[in-house]
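Just so you know, residue 1 is the first one in the sequence shown, and it goes up from there.
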Amino acid sequence: MDTPSLSNDRLAAPAVSVVIPVYNLEGYLAPCIESVRRQSYPDFEAIVVDDGSKDGSLAEIRRLTAGDDRFVVLSTENRGVARARETALSRSRGRYVCFLDGDDWWEPDMLERMVAAIEERADCDIVCGNYTRVCASYRTVVREGRTADLEGLGYLREVMTFGVAPSLWGKLFRRSLFDGTLLHYPMRRGQDTLVNIQIACRAPHVRFIDYAGYNYLQRPGSEIHRRISFDYCRSYAEVVDDIFRRNAVRLADSGADLYRLVNELWWYIRYIDRSSSPWRGGDPYVCRLRDQTRGLHRILSGFFSRSELLMFALDRWHALRPAVVLLLTVRRWGTSLRRRMAH
């Protein structure tokens, strides 16, 4: 592990610790570091963690952060973003914690506005920011599905149904939420959601601000575009089950069984949301899932769209696979059209 010596300026604990895991050497790393350096809110430290990749990213991080005592450079040997975040959290000292991946960057007033929002109310634990998304083909403001303050386990429902974006880098968390019981599961996809589910089990008080200035340029080969295997869906469901078991006391009478079912169904729908995915509708796991959802259509319609529930219903029969593919194609065209019209 590598870390610079602490200067006198770093003896006092800062208000905010910005955690930046770097798991690939990308061209976006330089603007990411620069966006943190330009923050108008001065009382922060940035923990930049190289995940042990042998691509020269550690040397590049040192070059980009040289001469700025607010940046602490660490290196791990795990080669995984989950463990890199864990390492950074163990070394960070701020009252609040936020995250930023190496291919993302912020507007200069992001930290200032988020700190002001979380300190306006003594009981506020998390601040969620709406943000501007930037891609090669469009730029648009992306608002959270829910923008009114959330109390208690309401945050769990919104995270499970993606009413609140599962990403970590649009949020500012109180340090107390990251204690020794919070686990960073090394899953390829959905890591942010898993962290948020664990935090949501603690019934936090959540605030929203209209605009946090978050800009995003997706990495080439991002996990978001990789196919999800059937086994991955089951593994992810098992992890969520583990989280709920560890928080059984907090979740008493809160509908944890329903959330567990919603999680399994959400990931299986993501699996069939690939036209080339092999049909698995006859698998015992899916048959059990289908049995559990029987009679719950009205309730599940509050979590899933009509087209998603229709896909799941049609998936019962292999012969109807072409109909599922057609429905998927229409949904993708509709999503693309709405996105471009928003531009």
Student: Please give me the minimum heavy-atom distance between Tyr232 and Arg188, naming the atom from each residue.
Tutor: OH-N, 3.1 Å
Student: So, applying side chain to side chain contact (heavy atoms under 4.5 Å, CB included) with Ile126, which one of Arg207, Met114, Lys171 is it?
Tutor: Lys171
Student: For the backbone of Pro108 and the side chain of Ser40, can you confirm whether one donor and one acceptor N or O come within less than 3.5 Å of each other?
Tutor: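 Yes, the answer is positive, given that a donor and an acceptor are paired below the 3.5 Å cut-off.
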Student: Testing Arg260, Arg234, Arg246 one by one against Asp241 for a salt bridge (Lys or Arg N to Asp or Glu O under 4.0 Å), which residue passes?
Tutor: Arg260
Student: Are Arg95 and Ser17 close enough that a side-chain donor and a side-chain acceptor fall under 3.5 Å?
Tutor: no
Student: Considering residues at least two apart in sequence or located in another chain, which fulfil the side chain to side chain donor-acceptor pair (under 3.5 Å) criterion with Arg306?
Tutor: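 Side chain to side chain donor-acceptor pair (under 3.5 Å) list for Arg306, sorted by chain: empty.
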Student: Is there a donor in the side chain of Tyr155 and an acceptor in the side chain of Asn196, or the other way round, less than 3.5 Å apart?
Tutor: yes
Student: Say you draw a straight line from CG of Leu327 to CG of Asp315; how long is it, rounded to the nearest 0.5 Å?
Tutor: 11.5 Å
Student: Among all residues two or more places apart in sequence or in another chain, which pass the side chain to side chain donor-acceptor pair (under 3.5 Å) test with Arg174?
Tutor: none
Student: For the CD atom of Glu151 and the CG atom of Leu153, what is their distance to the nearest 0.5 Å?
Tutor: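 Interatomic distance, Glu151 CD to Leu153 CG, rounded to 0.5 Å: 11.5 Å.
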Student: Name all pairs fulfilling the ring pair (Phe, Tyr, Trp, His ring centres under 6.0 Å) condition that reach into residues 284-329, sequence neighbours left out, sorted by first residue then second.
Tutor: Phe230-Tyr285, Trp279-His318
Student: Apply the test side-chain contact (heavy atoms from CB on, under 4.5 Å) to residues Leu58 and Val73: give CA-CA distance (whole Å), side-chain angles for both, the deciding distance (0.1 Å), then the verdict.
Tutor: CA-CA 8 Å; Leu58 181 57; Val73 179; 3.7 Å; yes
Student: With a 4.0 Å cut-off, would you call Arg245 and Glu238 a salt bridge?
Tutor: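 No salt bridge links Arg245 with Glu238.
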Student: Do the charged groups of Arg288 and Asp283 touch, with an N to O distance under 4.0 Å?
Tutor: no
Student: Identify whether the distance between the nearest side-chain nitrogen and carboxylate oxygen of Arg70 and Asp43 falls below 4.0 Å.
Tutor: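 Salt bridge: no.
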Student: So, using side chain to side chain donor-acceptor pair (under 3.5 Å) as the criterion, who are the partners of Asp109 when residues are at least two apart?
Tutor: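 Scan of Asp109 (side chain to side chain donor-acceptor pair (under 3.5 Å), adjacent residues dropped) gives none.
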Student: In chain order, what residues pass the side chain to side chain donor-acceptor pair (under 3.5 Å) check against Arg290, with sequence neighbours excluded?
Tutor: none
Student: Show every ring pair (Phe, Tyr, Trp, His ring centres under 6.0 Å) that has at least one partner inside residues 238-266, sequence neighbours left out.
Tutor: Phe162-Trp266
